[in-house]
Number of protein chains: 2
Amino acid sequence: MAQSDTVDRILDAAEELFAERGFSETSLRMITSKAKVNLAAVNYHFGSKNALIHAVFARFLTPYSATLESAFDQLEAECQGGEPPSLNRILWALTESAVRMPQRNERGISIFMRLLGLAYTQSQGHLRKFLEEEYSQPFGRFMSLLKEATPELSAVDRYWRIQFMLGATAFTMSSSDALIGILETKIGVETSVQEIAARLVPFLAAGMKAPEKLQMPPLGSDIELA
Amino acid sequence: MAQSDTVDRILDAAEELFAERGFSETSLRMITSKAKVNLAAVNYHFGSKNALIHAVFARFLTPYSATLESAFDQLEAECQGGEPPSLNRILWALTESAVRMPQRNERGISIFMRLLGLAYTQSQGHLRKFLEEEYSQPFGRFMSLLKEATPELSAVDRYWRIQFMLGATAFTMSSSDALIGILETKIGVETSVQEIAARLVPFLAAGMKAPEKLQMPPLGSDIELA
DNA sequence: GTACGTTTCAAACATACGTTTGAAACGTAA
DNA sequence: TTACGTTTCAAACGTATGTTTGAAACGTAC
């Protein structure tokens, strides 16, 4: 083990603990003791705790972002000249690319989904900044594909509906383990992350294509709602 | 100020800081210095930081839960005998009840939405337990109303779609301030929390009523998607 | 085998946290 | 005024955190 596996052991432990407990709630001592390495190893190999957090994301996100780019390439190639890619296809490209990730079993993917959810929710200014700087390109491409697929939406409507999609996805995937467990004990049905995605995609697509926004009845009135 | 206003000053400061920064990232020293009270006041009046967190939620949630119950009562009364309340009406009852909350301006509501989102996202075991124990009844009622409004869904489908709804709502509301800000600088449009709700409700309703779940194509295949 | 760059390790460092303490200040009723 | 329960306050406590340190161990090339 020339370039010792200490680095990977730390990344593995950190990834799991961050996903379980969040960033601030996970101490370097928890990480190093789970990884069975010395406490100082994190600062030696990564420099700081924040840099470790970035490294955890980069290890997954960099190859994922590459996979995603080529999936988008293929999507656009298939549809050149004709009508733009449908909403379902765009959304599915995201999840398909995740599933195709090498070196990542299903559990690895669900862990990472939770991390992405946390990244968006916990303030952690440095993280948001890091992600925006490093991965703005595939995100921007996803946005413009979405725009082509929903030309009927106003910019404002599209903006909010994209936030709703992000929320439903990040939230569900971030708790997918727990939610799968609850469903199994309550109804006795086993579910995979892919199956969740297969249910999520049409939900999101339908939401994006939903009719006009609701008229808000004035406070205290009893106007009938559709 | 017989029962000094220290308690309320602490609650106000804590509410805002928790919403801005999350629970673990907000220290008692930040809270007490923002509230301009002594550090020891929190432990004197509330007992512990966790108890303070509970108190922040209880101050909003207890009256809200009462308002919600009566909204559900009214909803069921209107529809007795006939068809059950529609999805849109159920969802709208939630947001309408929030808006009706006395002593809460719009900013107060948006702060609290963010807190609810954080409560669901940050692990914070004690908080989830507290909320489940204190407010299980209105939640259970909401669930059974949802069941009546979507009889066409299987239990499994309904389970997952409820999670999607919770996610979109919690996530969006938890970042509503930031998202409104972004939209304002990018497109120059001002938005209120009520307007977000007015866009969210039809999105959710459409998602709940979406057609069948997607067939997942085998890995690596190039099967066409609808 | 010796020298040297890299990695590990135990220990300590400075700092921030939630909480506790005991005395001072306050308000009120006798 | 006196006495007493309540509230405030500065200070300290114990603990946990991220980070740094300097020596030891390791691996490799000469």
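- Within a 6.0 Å radius of CD in Glu134(A), more than 12 heavy atoms belonging to other residues, nucleotides or ligands are found.
- The 5' end of DNA chain C is approached more closely, in terms of each residue's nearest nucleotide, by Ala40(A) than by the other of Asn38(B) and Ala40(A).
- Nearest nucleotide to the side chain of Tyr44(B), out of dT20(D), dC17(C), dT7(D): dT7(D).
- Nearest nucleotide to the Ser48(B) side chain, out of dG18(D), dT19(C), dT19(D): dT19(C).
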I'd like a table of donor-acceptor pairs (distance under 3.5 Å, sequence neighbours excluded) in which one partner is a side-chain atom from residues 33-40 of chain B, with atom names and distances.
unit_1, atom_1, unit_2, atom_2, d
Asn38(B), OD1, Ala40(B), N, 2.8

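- Here dT8(D) is the nucleotide among dT8(D), dG18(D), dG18(C) with the atom lying nearest to any side-chain atom of His45(B).
- In this structure, His54(B) and His126(B) have tilted ring planes: the angle between them lies in the 30° to 60° band.
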* Structure fact -> Here DNA chain C, pairs taken as Watson-Crick or G-U under 3.5 Å and shown with ( ), [ ] when crossing and | when to another strand, reads ||||||||||||||||||||||||||||||
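- Within 4.0 Å of Thr32(A), counting heavy atoms only, lies no atom of the nucleic acid at all.
- With Arg199(A) contributing its side chain and Trp160(B) its backbone, the two residues share no donor-acceptor pair below 3.5 Å.
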* Test side-chain contact (heavy atoms from CB on, under 4.5 Å) on Glu76(A) and Leu145(A) and set out the steps. => CA-CA 9 Å; Glu76(A) 282 178 339; Leu145(A) 277 171; 4.0 Å; yes
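- Residues satisfying the ring-ring contact (aromatic ring centres under 6.0 Å, His included) test with Phe18(A), not counting sequence neighbours, are Phe23(A).
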